[in-house]
Amino acid sequence: VLKYWEIVGRDTGKAYLRKIDKDKPIAPQVASSFVWSSISMGEDAHLYEGDNEREAYMLHEGCPWVEFHKRYDALDEDRPGCDRWLETLIAVINDELGCKVQFETLEALPEGGAGCVRRVWED
């Protein structure tokens, strides 16, 4: 399952690269693209500004993937898959642009959280 998300992450990262403006902070652009992708898949996702221009927060209040994983008794695959997708697409962007975008998952729906909250920033 994680290998699948790595493959998807590589392709997603390549797609995001086509939209990134190298002259602007990268992390918020990655977060914005991730939220857009999420909304495209039917997720209830929102983007929030961080404490500075190189940081952003993503909130997912609803996600069909969580429901899919619950239905098939595979909830333990949900967060690791999503995190691997994000980790891989960020690695593609970092490698191509020479930047250091990072993320952390602060809260997750499959673990009983009210939403999935992820912080994205660039060192």
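Throughout, residue positions are numbered sequentially from 1 according to the sequence presented. Not measured: the values here are computed from a predicted model.
Side-chain atoms of Asp44 never come within 3.5 Å of backbone atoms of Glu61 as a donor-acceptor pair (strictly under, hydrogens ignored). For Tyr16 (side chain) and Val30 (main-chain N/O), no donor-acceptor pair under 3.5 Å exists by modelled atom type. No side-chain donor-acceptor contact under 3.5 Å links Glu67 to the backbone of Cys63. Looking only at distances, a side-chain donor or acceptor of Thr12 sits under 3.5 Å from a matching main-chain atom of Val8. For the pair Glu96 (side chain) and Val92 (backbone), a donor-acceptor distance under 3.5 Å is absent.
Leu17 and Ile7 are assigned to two separate hydrophobic clusters, defined by single-linkage of ILVMFWY side chains at heavy-atom distances under 4.5 Å. Leu89 and Val35 end up in the same hydrophobic cluster when Ile, Leu, Val, Met, Phe, Trp and Tyr side chains are linked at under 4.5 Å. Hydrophobic clustering (side-chain heavy atoms under 4.5 Å, transitive across Ile, Leu, Val, Met, Phe, Trp, Tyr) keeps Val66 apart from Met41. Cluster membership check: Trp36 does not share its hydrophobic cluster with Val117, using side-chain heavy-atom separations under 4.5 Å among Ile, Leu, Val, Met, Phe, Trp and Tyr. Under the 4.5 Å side-chain heavy-atom criterion for ILVMFWY residues, a single connected hydrophobic cluster contains both Ile20 and Phe103.
Atom SG in Cys99 sits 10.5 Å away from atom NZ in Lys22 (nearest 0.5 Å). To the nearest 0.5 Å, atom CH2 of residue Trp85 and atom CH2 of residue Trp5 are 6.5 Å apart. Put simply, CG on Leu106 and CE on Met58 are 9.5 Å apart, with the number rounded to the nearest 0.5 Å. The NZ atom of Lys14 lies 12.5 Å from the CD1 atom of Ile93; values are rounded to the nearest 0.5 Å. Taking OG from Ser33 and CD1 from Ile26, the interatomic distance works out to 10.5 Å, rounded to the nearest 0.5 Å.
Crowding of Glu49 atom CD: a count of heavy atoms from other residues, nucleotides or ligands under 6.0 Å not exceeding 12. Within a 6.0 Å radius of CD in Glu53, other residues, nucleotides and ligands contribute 12 heavy atoms or fewer. Within a 6.0 Å radius of CG in Asp73, other residues, nucleotides and ligands contribute 12 heavy atoms or fewer.
A donor and an acceptor atom, one from each side chain of Arg10 and Thr88, are nowhere located under 3.5 Å apart. Residues Gln29 and Asp21 bring no donor and acceptor atom of their side chains to less than 3.5 Å of each other. A donor and an acceptor atom, one from each side chain of Asp123 and Trp121, are located under 3.5 Å apart.
The aromatic rings of Phe34 and His60 sit perpendicular to each other, their planes meeting at more than 60°, with 30° as the lower class boundary. Between Trp65 and Phe68, the ring-plane angle classifies as perpendicular under the 30° and 60° cut-offs.
Considering every non-hydrogen atom in both Leu47 and Ala31, the closest pair reads CD1-CB, 3.5 Å. Between Gly115 and Leu59, the shortest heavy-atom distance links the atoms CA-CD1, 4.3 Å. Of all heavy-atom pairs spanning Gly42 and Pro64, the tightest one is O-CD, 3.7 Å. What you find for Ser38 and Ala45 is that their closest heavy atoms are CB-CB, 3.8 Å. In terms of heavy-atom proximity, Leu2 sits nearest to Pro80 at CD2-O, 3.5 Å.
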*Derivation of the side-chain contact (heavy atoms from CB on, under 4.5 Å) call for Arg79 and Asp83*: CA-CA 6 Å; Arg79 178 182 169 182; Asp83 281 352; 2.9 Å; yes
*Stepwise salt bridge (Lys or Arg N to Asp or Glu O under 4.0 Å) check, Glu104 with Arg118*: CA-CA 6 Å; Glu104 63 181 332; Arg118 289 182 172 89; over 6 Å; no
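For the pair Lys100 and Glu122, the salt-bridge criterion is not met [side-chain N within less than 4.0 Å of a carboxylate O]. Using a cut-off of 4.0 Å between Lys/Arg side-chain N and Asp/Glu carboxylate O, Arg84 and Glu6 are scored as salt-bridged.
Cys116 is listed as a side-chain neighbour of Pro110, based on a closest heavy-atom distance under 4.5 Å.
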